[in-house]
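As a basis for the values below, the full set of heavy atoms in this structure was taken, side chains included, without hydrogen atoms, waters or symmetry mates. By convention here, the first residue in the shown sequence is residue 1.
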Amino acid sequence: MVKILEQIWGVKTLYVDENHISEFNSDEAAIILCINPRNYDRLIKLQSLKDIFSKANLNLNEYSVQLSQIGIINAIKSIKIDNQKVLNGLNELAKNEIIDFNGYNLISDFINNLELNHTIQNSAETQPFHKNLHALNEIHQILSEFKLSEVSKRLSNAYDSANNSKFKIAVTGVINAGKSSTLNALMNKKILGASNIPETANLSVLTYSEDEFAKVCFWSPEELKSMDLEPQEIQDKIIPIDELKSYTTASNEISKMVKEVILGIKLDILKDGIDIVDTPGLDDAVVLREILTANYMSQSDFTLHLMNASQSATKKDMAFIVNTLKNGKSAGLIIALTHIDKISPNDIKEVLNYTKNSIKTELSECGFDESLADETKFFTISAIKNIGIDELKGYIYESFFGSNSKKATLIIDNYKKELLNVANLIEDDLKAQKTALTSDTSTAKELVKSLQNEIDEISSATNSINSELENLLKRLNYDNENSNATLKAISAKIKDRVISDVKYATNKKIKLDTARLGVIIESGFNDSFIDFFRDFKQQISKDIDSANKILELKLGAKNANLNLPDIRGYIDQNLPKINYEILNSDVNKAIKSDKNIEIIGANLTKIFDDFIVSLNLPNQLSKLASACTNEYINGIKFELNAMREHLQTKEEQINKLAKSAFENIKDKEQLITDIDTKISQCQEIKNRIELC
C-alpha cells in the first residue's frame, strides 16, 4: 500500500491509515485514483471533484486524496468496489487525457495484480458501522480520561447504548427446509443439531457470550394448562451447554415444559452484534410456540425464510411469506432456496423463477399489491457444499452494518451527538477555568455572576417546564370510543370474505385453504390497527413536540445539550402486539363444526367480536400514553437537574481558581498551558467525531 502511494506521489507521500476503506462508486474511484502531483492543481479546481469529496464528508486536499486512494484499493481488494468497472473508468480518463500514459499504466497494472479477498466482505470490521463504532469508542475513552464526574454517566450511557445494540434475524421454514445446516454454515461451526444442542423443535435464541452457557426457559403453569399439560411452577435454569440434552430431547418428560432455549456462544458472527432466533418449523403443532415465534419475528430486523428447492412454494410457505410482506413483521425478508446441490443448474433457475412468480400470484389472489415482493432478496444455497453461504452472509452484514442501514446510521448518529455534547461541555469548562486564571478579579467575579445567573435561569425554567409537562398528562386523553364499533364493521367485511372462500371450496368440492384464510383475517385487522396506531403516535408526538418547543424557548442554545428521550421509539417498542394464532384456530374450528353457512357466519361474528373485546385496545393505548409521557417528563427532569448540578460544580471550580494563590508564577503558567492543551484536544476530538 505504501509503495504504490510512493510511486504515485514521490516525496509528497503522506502518512495515512493503510487499513482505511472508502465508500465510493466505481466511477468516483477511477477519478480519485487518477489524481497525482502532475494533475493535482488542475483537478482540485473542478466542482465535480469537490462534490465527490463533500459527499464523503472529506475536505479536498492532498491528505484526503491519498487516504481515499488507499481506501479505494482496500475496497477493491474486499470486493466492495468492482475492479473491472474501475479499470474501464481509468481507461476512459486516459483517453480524455485526464491521466497520462505512465500514470494510467501504473494504476491499472497495480489493480490487475491485486489479490482479491472474497471472504473479507463478510467481516463486520469492513463495514462502516463497526469502523465508526470503533473510532467513537476511542473518542469515548479519551473523553473519559478528562475525569469530569458531571458527564461520566452520560458517557457511560452513550457507550452502553451504542455497543449493546443488537441486530436480530429470525430464521423460519417448514420441517426439512434445512434450518440447522444453514445456520451452522453461516456460523462456521456445528451448533444446532449437535448431540448436546436442541433440535429446531425448540425455539432457540443464539447470542454472544465469552463464557458459554445455556438458559432453559419453561412455560408458566397457565401456559402448560392451555396445552393440556399438568400445570407446574418450574424456574428457568442457567446450565452448562453439555447438560442441555437432558432438557430438550423428546425422550425426557421435562422437554414438554421447555418454552425456549437461550444459547450464549462465543462466535464471531454473534460477537458482531447479531442475535439469531432459530424458530420451530412453520408446521409446529404447539399454538403457543407459534405465538412465541410471531413475537420474536415482530422484534427482528430481518426474517430469513428457508425453503427446500425441491419442495419450494408450498401453501404453508406462501401463506407465511404473504403474511410477512403484508404485515411488515420484520424490516426485511430474505428467501433462501436450500439443498440446491441436489438439483441441476437449469432446475435451480426454474425453481427460483417459479418461487418468485408464486409469491406474486399469492399476493394477487389474496387481494394485495404484487409490488410488495419487490424488495425481497433471494438466494440459492447449499450448506453441505458451501454454495451461496458467503453471498448470503455478506448480504446480511451489508444490510445490518452497511452505509444504507437506517438502524446502524441512527445508532452512530446518536452516539456522535452525545459525544459531541460532552466534548462541548468539557471545552466550555476549560475555557471558563482559563478565564478565571488569566483575568483580573473583577472579570472573574463577572464570570461567577454569569454562572449564578445561568443556574437561576435553569431553576426558573425547570419550575416553569415542570408545570407545563405535568399539564401534558392532564391534556392527553386517548379518546377512541368508536374504535370497537369501527373494528366490528371491519370484522363483518372480513367475515364475508371468509364465508365467500368457504362457499367457493364447497361448491368446487375442493379442500379449504386455511392458510389463505389466516392471511385474509390477519391483514384485514392489521390494516385497521395500523391506522389506530398511526393516529395514536401522531397525537402523542404533537404534545411532545409542543413540550420540546417550550424547552427551546426557555433554554435557548442550552437545549442542544439535552439528551432528550426518544418517545417515538418508545411508542414503537411498546405498542400492543397482536397475535392471531388462537383466533385463526377458533375460526377453523367453527368452519369445520358445521355445514350450514348461516350458522358458520353467526359463529364467526361472535368469534370476531370476542376477539376485538379481548384486545381492549383503547385501554392498552391509554396506559401506553401515560407511560410514555411519564418517560418523557422524567427524562427532561433528570436532564435539567444534571444541567443545574453541572453549572453549580463549574461555579465552585471557578471560584476556587479565581481565589488561588500561586507561590510560583511558573506553576500558574504551567496550569494555563495544560488547560490550553486540553482545549486543543477537545477541538481535535470534535473534528474526529464529525468525520465518523
Beyond-backbone contact of [X] with [Y], side-chain heavy atoms, under 4.5 angstrom:
X: Leu352; Y: Lys356; answer: yes
X: Ile73; Y: Ile4; answer: yes
X: Lys85; Y: Asp27; answer: no
X: Ile111; Y: Leu33; answer: yes
X: Gln681; Y: Thr677; answer: no
X: Gln683; Y: Glu427; answer: yes
X: Thr338; Y: Ser382; answer: no
X: Gln66; Y: Thr13; answer: yes

Would you say the side chains of [X] and [Y] form a donor-acceptor pair under 3.5 Å?
X: Asp347; Y: Ser344; value: yes
X: Asp51; Y: Ser54; value: no
X: His305; Y: Asp317; value: yes
X: Tyr397; Y: Asp272; value: yes
X: Asp275; Y: Thr207; value: yes
X: Asp278; Y: Ser204; value: no

Atom [atom1] of [X] and atom [atom2] of [Y]: how far apart are they, to the nearest 0.5 Å?
X: Lys416; Y: Ile689; atom1: NZ; atom2: CD1; answer: 8.5 Å
X: Asp100; Y: Arg38; atom1: CG; atom2: CZ; answer: 4.5 Å
X: Ser108; Y: Asn88; atom1: OG; atom2: CG; answer: 11.5 Å
X: Cys34; Y: Ile107; atom1: SG; atom2: CD1; answer: 9.0 Å
X: Ile52; Y: Ile31; atom1: CD1; atom2: CD1; answer: 4.0 Å
X: Leu106; Y: Asn36; atom1: CG; atom2: CG; answer: 9.0 Å

Trace of the salt bridge (Lys or Arg N to Asp or Glu O under 4.0 Å) decision for Glu6 with Lys3: CA-CA 5 Å; Glu6 288 175 346; Lys3 286 183 180 178; over 6 Å; no
Passing candidate, side chain to side chain contact (heavy atoms under 4.5 Å, CB included) with Lys686, options Leu419, Ile139, Asn424: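 When Leu419, Ile139, Asn424 are each tested with Lys686, the side chain to side chain contact (heavy atoms under 4.5 Å, CB included) holds only for Asn424.
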Has [X] got more than 12 heavy atoms of other residues, nucleotides or ligands less than 6.0 Å from its [atom1]?
X: Lys342; atom1: NZ; result: no
X: Glu350; atom1: CD; result: no
X: Ile384; atom1: CD1; result: no
X: Asn188; atom1: CG; result: no
X: Glu375; atom1: CD; result: no
X: Asn164; atom1: CG; result: yes
X: Glu97; atom1: CD; result: no

Please find the pair of heavy atoms, one from [X] and one from [Y], that lie closest to each other, and give the distance.
X: Ser399; Y: Ser405; value: O-CB, 3.3 Å
X: Ser22; Y: Ile81; value: O-CD1, 4.5 Å
X: Leu133; Y: Ala162; value: CD1-CB, 3.9 Å

Those residues that, when tested against Asp268, pass side-chain hydrogen bond (donor to acceptor under 3.5 Å, both in side chains) (two or more places apart): none
Under the side-chain hydrogen bond (donor to acceptor under 3.5 Å, both in side chains) test, residues paired with Arg42 that sit two or more places apart: none
side-chain contact (heavy atoms from CB on, under 4.5 Å) evaluation trace for Leu337 with Ile348: CA-CA 9 Å; Leu337 299 181; Ile348 292 171; over 6 Å; no
Lys NZ or Arg CZ of Lys407 over Phe400 ring: under 6.0 Å, within 45°: no
Within 45° cone of Phe302 ring axis and under 6.0 Å: Lys168 NZ or CZ: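 Ring-cation test returns no.
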side-chain contact (heavy atoms from CB on, under 4.5 Å) involving Gln311 - partner list, sequence neighbours excluded: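 Counting only residues at least two positions away or on another chain, Gln311 forms a side-chain contact (heavy atoms from CB on, under 4.5 Å) with Asn308.
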Under the ring-ring contact (aromatic ring centres under 6.0 Å, His included) test, residues paired with Phe368 that sit two or more places apart: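 With sequence neighbours excluded, Phe368 shows a ring-ring contact (aromatic ring centres under 6.0 Å, His included) to no residue whatsoever.
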Mutual orientation of the aromatic rings belonging to Tyr159 and Tyr415 [parallel < 30°, tilted 30-60°, perpendicular > 60°]: perpendicular
Whether Phe129 and Phe401 hold their rings parallel, tilted or perpendicular, with breakpoints at 30° and 60°: parallel
Derivation of the side-chain contact (heavy atoms from CB on, under 4.5 Å) call for Leu392 and Leu304: CA-CA 10 Å; Leu392 173 58; Leu304 171 61; 4.2 Å; yes
Steps toward side-chain contact (heavy atoms from CB on, under 4.5 Å) verdict (His140, Val422): CA-CA 10 Å; His140 169 274; Val422 170; over 6 Å; no
Criterion side chain to side chain donor-acceptor pair (under 3.5 Å) on Gln69 and Trp9, from CA distance to verdict: CA-CA 11 Å; Gln69 287 176 334; Trp9 291 92; 2.9 Å; yes
Pairs flagged by ring-ring contact (aromatic ring centres under 6.0 Å, His included) wherever residues 32-85 is involved - sequence neighbours left out: none
Trace of the side-chain contact (heavy atoms from CB on, under 4.5 Å) decision for Thr303 with Ile334: CA-CA 6 Å; Thr303 294; Ile334 306 168; over 6 Å; no
Which atom pairs, donor and acceptor, lie under 3.5 Å between side-chain atoms of residues 358-365 and protein residues at least two apart or in another chain?
| unit_1 | atom_1 | unit_2 | atom_2 | d |
| --- | --- | --- | --- | --- |
| Ser358 | OG | Tyr354 | O | 2.7 |
| Lys360 | NZ | Asp374 | OD1 | 3.4 |
| Thr361 | OG1 | Asn357 | O | 2.9 |

